[in-house]
Undergrad: 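My questions all concern the structure below.
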Amino acid sequence: MKITLYKSALCPRCHFARKSLNELLADRDDIELEVVDILTSPARTLRDGVKLIPAIKAGDKKLSGVYLNKNDIAIFLEDAARG
């Protein structure tokens with residue numbers, strides 16, 4: 001499964017979301033992570049329907065919010081893995 005993290009280098013909340021995501025994916029070889037910086041890829045970000053960062057996308061499912069905690073991300077990953 002492939003997931004995409006939309007973030008900005010200027011966003012401290014994105015840093016924490018990426019850190020939590022990296023910790024959760026440390027033992028998961030079945031998930032490929034792609035990171036998209038919205039500052040260098042604004043057209044792609046808009047095309048993918050991302051309006052709030054940090055955001056994680058897996059297929060047609062998205063998780064975004066002002067603060068994504070590790071538990072919310074873990075639940076999203078399990079839900080996305082089930083299809």
Side-chain angles (χ1 to χ4, degrees):
M1 174 174 70
K2 178 180 175 181
I3 62 170
T4 306
L5 170 66
Y6 298 86
K7 59 101 179 164
S8 167
L10 304 175
C11 172
R13 298 181 330 270
C14 295
H15 170 76
F16 290 114
R18 185 173 185 175
K19 182 180 178 203
S20 295
L21 192 54
N22 285 337
E23 290 172 5
L24 290 166
L25 296 180
D27 298 330
R28 303 279 311 254
D29 294 336
D30 60 325
I31 299 177
E32 174 189 347
L33 175 63
E34 175 186 21
V35 178
V36 174
D37 192 305
I38 66 159
L39 296 176
T40 57
S41 301
R44 169 150 182 218
T45 302
L46 290 173
R47 184 177 65 242
D48 291 348
V50 174
K51 298 178 182 172
L52 178 67
I53 57 168
I56 302 170
K57 185 175 177 186
D60 61 346
K61 299 177 186 214
K62 280 186 239 163
L63 173 68
S64 63
V66 173
Y67 176 71
L68 299 182
N69 65 50
K70 193 173 184 177
N71 187 54
D72 292 339
I73 295 171
I75 292 169
F76 175 78
L77 292 176
E78 291 306 315
D79 184 47
R82 282 189 295 248

Undergrad: Hey, what do you get for CZ (Arg18) to OH (Tyr6), rounding to the nearest 0.5 Å?
TA: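 The CZ atom of Arg18 sits 14.0 Å away from the OH atom of Tyr6.
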Undergrad: Do Asp48 and Thr4 have side chains that get closer than 4.5 Å, going by heavy atoms?
TA: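 With C-beta onward as the side chain, the pair stays apart.
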Undergrad: With heavy-atom distances below 4.5 Å as the criterion, would you say the side chains of Lys7 and Ile38 are in contact?
TA: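 They are not in side-chain contact.
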Undergrad: So does Lys19 have more than 12 non-hydrogen atoms from other groups sitting under 6.0 Å from NZ?
TA: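 Not more than 12 within 6.0 Å, no.
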Undergrad: What distance do Leu68 atom CG and Lys70 atom NZ have between them, rounded to the nearest 0.5 Å?
TA: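 If we round to the nearest 0.5 Å, Leu68:CG and Lys70:NZ are 14.0 Å apart.
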Undergrad: Give the minimum heavy-atom separation between Cys14 and Ser8, together with the two atoms involved.
TA: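 Where Cys14 meets Ser8 most closely, the heavy atoms are SG-N, 3.6 Å.
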Undergrad: Can you check salt bridge (Lys or Arg N to Asp or Glu O under 4.0 Å) on Arg44 and Glu34, steps first, answer last?
TA: CA-CA 13 Å; Arg44 169 150 182 218; Glu34 175 186 21; 2.7 Å; yes
Undergrad: Measuring from Ser20:OG to Leu5:CG, what's the distance to the nearest 0.5 Å?
TA: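 Between Ser20 OG and Leu5 CG, I get 10.5 Å after rounding to 0.5 Å.
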Undergrad: Can any side-chain N or O of Arg13 pair as donor or acceptor with the backbone N or O of Tyr67 at less than 3.5 Å?
TA: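 It does not hold such a pair.
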Undergrad: If the threshold is 4.0 Å, N to carboxylate O, is there a salt bridge linking Glu78 and Arg28?
TA: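 Judged by the 4.0 Å cut-off on N to carboxylate O distance, Glu78 and Arg28 do form a salt bridge.
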Undergrad: Honestly curious: do Ile73 and Leu33 fall in one hydrophobic cluster under the side-chain, below-4.5 Å linking rule?
TA: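 Yes, it is one cluster - the side chains of Ile73 and Leu33 are joined through contacts under 4.5 Å.
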Undergrad: In Å, rounded to the nearest 0.5 Å, how long is the span from NZ of Lys51 to CG of Leu46?
TA: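 The distance works out to 9.0 Å.
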Undergrad: For residues Phe16 and Val35: do they belong to one hydrophobic cluster (side chain heavy atoms under 4.5 Å, members Ile, Leu, Val, Met, Phe, Trp, Tyr)?
TA: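 No, because Phe16 and Val35 fall into different hydrophobic clusters, even though each may have its own neighbours under 4.5 Å.
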Undergrad: Any side-chain heavy atom of Ile3 sitting closer than 4.5 Å to one from Lys57?
TA: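 No - every pair of side-chain heavy atoms lies 4.5 Å or more apart.
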Undergrad: With side chains defined as the heavy atoms from C-beta onward, is the minimum distance between Leu77 and Leu21 less than 4.5 Å?
TA: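 Yes, their side chains come closer than 4.5 Å.
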Undergrad: CG of Asp30: more than 12 outside heavy atoms within 6.0 angstrom?
TA: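 Yes - once you tally the heavy atoms of other residues, nucleotides and ligands closer than 6.0 Å, there are more than 12.
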Undergrad: Where do Ala55 and Val50 come nearest, in terms of heavy atoms and distance?
TA: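 Where Ala55 meets Val50 most closely, the heavy atoms are CB-CG1, 3.8 Å.
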Undergrad: Tell me whether Ile75 is reachable from Leu24 by hopping between hydrophobic residues (I, L, V, M, F, W, Y) whose side-chain heavy atoms are closer than 4.5 Å.
TA: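 Cluster IDs for Leu24 and Ile75 differ.
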